[in-house]
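Okay, so here's the structure we're looking at.
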Amino acid sequence: MNILSGTPFQESGGWSEGSKEAEIYRLMNGSSHPYSYRYPGELNFEMTLRNSIVESAKAMHQSAASFATFETTRVNPQYWYMTEFGGFRLRPGARPSDAIRDIFTNGSYYGFECAGAMLIIYYDAVLRVLGERTFNQLFPDLFIYSWHADSDLGIHPTRTMNFLPGDVVYFENPDFDLRTPHWRGENAVVLGGGLYFGHGIGIMTAEQMIQSLNSTRRPGAFQSAYLSDLVVRPSFSYLSNFTTGIRSASIMKQQSVIVLHNEVSIPLPRYRMYLTMVHYQG
């Protein structure tokens, strides 16, 4: 169901039959979960950005960027410098837009784990939609590490089984082998048509993703991997505000602290739990 300013509405949006936008809109209308918008342009922006997330995920799949643990993370030193705990930060003087694009065009220089991959896909998708000038002002100090995201991305978790193309979901693997902890689960982008992209595992159906994770379980495991109801989305509504202008440079934004851990392939709520623990300890 779609709601515009508190009133249910139907809108074709002019999307051609068979397009990704038409698929998203059909799934929205068939869902019991309401999707609310202040004005039609906000819906159009979400459709565009969701489609862009799908395209960015496919581009990462086609790139030569590989999966890596924090210990083996690799980057192109022309744009990024490595931290001792496996994160990578934008080099002074490098343009954020160039650094993100380089991950896709020179992927052989890069290796990173799947949570960071989801953020890179989000950044690339936003860059495609908002353009270089706005992107570079919004994200001047890019830092990629696990689920540490710039506040302007507005990522947030929700619980639902109503998946839409452009959502990031999580495949749990409760009986993962402790010798290969990076198979504890898989963050994956919903591509539509029953397909998902997971960095390091590729494009698969949910059943194939589960079978792949099951093959990595500990000896004697009996509990199957499964697709959870966790969904991560950026703030489409907030980001749509930047289609007509960019924020004043005088406005300072709050950024969360970086939570260091050594658990690759974790879901966003687990990272948020660590963040909460740091706040309480402080």
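All of these numbers come straight from a predicted model, not from anything done at the bench.
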Discussion item. Looking only at side-chain N and O atoms, does Thr69 offer a donor or acceptor that is under 3.5 Å from a partner on Thr72?
Written reply: yes
Discussion item. Which label fits His199 and Phe67: parallel for a plane angle under 30°, tilted from 30 to 60°, or perpendicular past 60°?
Written reply: tilted
Worksheet item: Does some side-chain heavy atom of Thr73 sit less than 4.5 Å from a side-chain heavy atom of Tyr145?
Response: no
Worksheet item: For the residue pair Trp80 and Phe88, does the interplanar ring angle fall in the parallel (under 30°), tilted (30 to 60°) or perpendicular (over 60°) class?
Response: perpendicular
Worksheet item: What pair of heavy atoms forms the shortest contact from Ser237 to Glu42, and how long is it?
Response: OG-OE1, 3.2 Å
Worksheet item: Less than 4.0 Å between a side-chain N and a carboxylate O, is that true for Arg95 and Glu132?
Response: yes
Worksheet item: Does the ring of Phe143 carry Arg89 above it, NZ/CZ under 6.0 angstrom from centre and within 45° of its axis?
Response: yes
Worksheet item: Does a donor on one side chain and an acceptor on the other come within less than 3.5 Å for Tyr238 and Asp152?
Response: yes
Discussion item. Around atom CD of Glu84, are there more than 12 heavy atoms from other residues, nucleotides or ligands closer than 6.0 Å?
Written reply: no
Worksheet item: Roughly how far, to the nearest 0.5 Å, is the CD1 atom of Ile210 from the CZ atom of Phe171?
Response: 6.0 Å
Discussion item. Under a 4.0 Å threshold between the charged nitrogen and the carboxylate oxygen, would Glu23 count as salt-bridged to Lys20?
Written reply: yes
Fill in: Polar side chain donor-acceptor pair, Ser235 to His156, under 3.5 angstrom
no
Practice prompt. Measure the OG-CG distance between Ser265 and Leu213 for me, rounded to the nearest 0.5 Å.
Written response: 9.0 Å
Worksheet item: Counting N and O atoms only, with roles assigned by atom type, does the side chain of Thr48 sit under 3.5 Å from a partner on the main chain of Asn44, one being a donor and the other an acceptor?
Response: yes
Worksheet item: So, are Glu55 and Arg128 salt-bridged, with charged N and O less than 4.0 Å apart?
Response: no
Item to complete: Answer yes or no: is there an ion pair linking Arg233 with Asp167, defined by an N-O contact shorter than 4.0 Å?
Response: yes
Worksheet item: Is the NZ or CZ atom of Arg184 both under 6.0 Å from the centre of the six-membered ring of Phe176 and within 45° of that ring's axis?
Response: yes
Worksheet item: Would one find more than 12 heavy atoms of other residues, nucleotides or ligands at under 6.0 Å from atom OH of Tyr109?
Response: no
Discussion item. Can you tell me if Arg159 has over 12 outside heavy atoms packed within less than 6.0 Å of its CZ?
Written reply: yes
Discussion item. Under a 3.5 Å cutoff, is there a donor and acceptor pairing between the side chains of Glu186 and Tyr196?
Written reply: no
Worksheet item: Does the side chain of Thr216 pick up a donor-acceptor pair with the side chain of Asp177 at under 3.5 Å?
Response: no
Discussion item. We want to know whether Asn76 and Asp102 form a side-chain donor-acceptor pair, criterion being a heavy-atom distance below 3.5 angstrom.
Written reply: yes
